[in-house]
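Read the structure below first, then the notes.
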2 protein chains.
Amino acid sequence: MSGLTATPQPSAARGPRRPRRHDPGRRDRLIDAALTVIAERGAAATTHREIARVADVPLGSMTYHFASLEEVLIEAFTRHADSVARLFDERLSAPRDREAAVEAVIALVSDDLLGSQHDLVLAVELYVAAARNPALRAVVQAWMARSRQALERHFDATTARELDALIEGLVLHSALSTDPMTPEQIRHAIERYLR
Amino acid sequence: MSGLTATPQPSAARGPRRPRRHDPGRRDRLIDAALTVIAERGAAATTHREIARVADVPLGSMTYHFASLEEVLIEAFTRHADSVARLFDERLSAPRDREAAVEAVIALVSDDLLGSQHDLVLAVELYVAAARNPALRAVVQAWMARSRQALERHFDATTARELDALIEGLVLHSALSTDPMTPEQIRHAIERYLR
DNA sequence: ACAGCATGTGTACGTTGGTACACATGACTC
DNA sequence: GAGTCATGTGTACCAACGTACACATGCTGT
């Protein structure tokens, strides 16, 4: 252990020697692993080592692919925001009239947003992280703008903004409550607002 | 520095020797300092040392007054939730009719909740922390229940719950937006919902 | 006045984390 | 088929942290 020449153990000391090589797309997998870790432990408790463990790559791989931990977080949250925004786009591109649009919003909240504790935690994690990181604040801005834009396919700008806020509140309260709102309650709230 | 007998420097080495003594209420001050640190750096980045620095007490004082860092966080968030809940109670105890109650809600959001970036960040920090800590989840539950109860002085239970969610969404979106909602916009959203 | 004990203080210890970096290797080019 | 270099890997270093703990001190009741 003199620091030089390292004696890399004769292939069967600790752990089953890692023969891994040629792993294209590893960077992508690392970003996905980062999202898993963020959802499980929180963004602030997310470490190079834990991401590497989840993705089953050596620690050194993290510093090779990312200049800093912050870069990992930004890429991960950007990917997450993109995928949720895509949900909004898809749900709201189908409806042809306002009534169908209302149903689409209800389905979006009940099925997509409330369906996944994972996504929900990621959203709140992003909000907190954004409170202190301008780059992440930009990610949140872009996400919100895209959501509103999707809603504006069917509602005027003011309604879209207010509805977006209502959705946020409903989802957040349901997520944190031991007694989350049922789909019927979600429907009631949204219909009452849009009536 | 042999570990024993400590040689406490002759009163003018590093820092102006600390003659402090007899500080009743220090525990309270530490909890307030903790809230300051949480708002500034985030709950996950809150450390014994930073709280002690802010409160201007030695590190050892933290471990004397609190069994663990988690205990500090729980006490701090509990205090915060209490003080916000008190705001709800006060704002909603005055109105004598529904119209006045609507005005009270608008004032509560515009003046109290949106007025302080500090409180707002604390709320989101609490939500994230609660996602992984059952004791904090209980704090959130109690807080939400109390808010709803205050609203139920003037609105039926369903309306109270939905209104509470709407308030949450409005506040959160405003907090994170580079283009926060104006008091007029807040009024519009709440009146539209309660109309 | 004095003993006892709650309160206050300084420092050490073991752990974990971000990052740096020297070295290894195999895919690709020509 | 050889050489180059992007990619991959192991480990070291230093800083920061939670916590433990030995020691100091003066308020308290008697």
Side-chain angles (χ1 to χ4, degrees), chain A residues 1-30 33-34 37-38 41-74 76 133, chain B residues 1-30 33-34 37-38 41-74 76 133:
Chain A
M1 304 271 191
S2 60
L4 304 175
T5 65
T7 55
Q9 85 244 13
S11 93
R14 54 181 121 197
R17 191 61 176 104
R18 199 188 288 270
R20 198 72 59 79
R21 264 333 184 104
H22 187 54
D23 183 7
R26 169 177 290 194
R27 197 170 186 280
D28 265 357
R29 279 182 32 239
L30 289 177
V37 175
I38 293 169
R41 317 246 195 241
T46 294
T47 66
H48 278 137
R49 286 169 172 84
E50 181 66 12
I51 296 170
R53 210 170 296 136
V54 167
D56 190 32
V57 302
L59 172 61
S61 194
M62 291 300 298
T63 59
Y64 175 71
H65 285 287
F66 304 96
S68 71
L69 192 54
E70 188 190 348
E71 183 182 319
V72 183
L73 294 181
I74 290 171
N133 185 322
Chain B
M1 310 257 189
S2 60
L4 303 175
T5 64
T7 55
Q9 86 243 13
S11 93
R14 53 180 121 197
R17 190 62 175 104
R18 198 189 290 270
R20 199 72 59 79
R21 272 303 170 140
H22 188 54
D23 183 6
R26 169 177 290 195
R27 197 170 187 282
D28 266 358
R29 278 182 34 239
L30 289 177
V37 175
I38 293 169
R41 316 247 195 240
T46 294
T47 67
H48 279 136
R49 285 171 173 82
E50 181 65 13
I51 296 169
R53 212 170 295 137
V54 167
D56 190 32
V57 302
L59 172 62
S61 194
M62 290 299 298
T63 60
Y64 175 73
H65 285 288
F66 304 96
S68 71
L69 192 55
E70 188 190 347
E71 183 182 320
V72 184
L73 294 180
I74 289 171
N133 186 322

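Within every chain, numbering begins at 1; the chains are lettered A, B, ... in the order of the sequence lines, protein sequences first and strands thereafter. Quick caveat, the model's predicted, so the values are computed rather than measured.
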Nearest-Å distance for atom pair CG/C1', residues A/Asp23 and C/dA27
14 Å
Identify the heavy atoms of B/Arg27 and B/His65 that sit nearest to each other, and give their distance.
NE-O, 3.3 Å
Using whole Å, what does the distance between atom P of nucleotide C/dA6 and atom CZ of B/Arg27 come to?
16 Å
D/dC17 C1' sits how many Å from B/His48 NE2, rounded?
10 Å
Taking all atoms of both residues into account, what is the closest heavy-atom pair of A/Thr47 and A/Leu69, and its distance?
C-CD1, 4.3 Å
Between C/dG18 atom C1' and A/Ile51 atom CD1, what is the distance in whole Å?
12 Å
Minimum heavy-atom distance B/Leu30-B/Ile51, with the two atoms named
O-CG2, 3.7 Å
Which ones in residues 61-71 of chain A lie close to DNA chain D, meaning a heavy atom under 4.0 Å from one of its atoms?
A/Ser61, A/Tyr64, A/His65
Atom pair distance, as rounded to whole Å: CZ in B/Arg26 and P in D/dG26
13 Å
Taking only side-chain nitrogens and oxygens of B/Arg53, does any of them come within less than 4.0 Å of OP1 or OP2 of D/dA16?
no
In whole angstrom, give the distance that lies between atom CD of B/Glu50 and atom C1' of D/dG18.
15 Å
Nearest to side-chain heavy atoms of B/Arg49, which nucleotide of D/dG8, C/dG8, D/dT19:
D/dT19
How long is the straight-line distance from CZ of B/Arg53 back to NE2 of B/His48, given to the nearest 0.5 Å?
13.0 Å
Show the nearest heavy-atom pair for residues A/Ser61 and A/Arg26, with the distance to one decimal.
OG-NH1, 2.8 Å
Minimum-distance pair of heavy atoms, taken over all atoms of B/Ala33 and B/Ala55
CB-CB, 3.8 Å
Among C/dA27, C/dT19, C/dG18, the nucleotide that comes nearest once only the side chain of A/Leu59 is considered
C/dT19
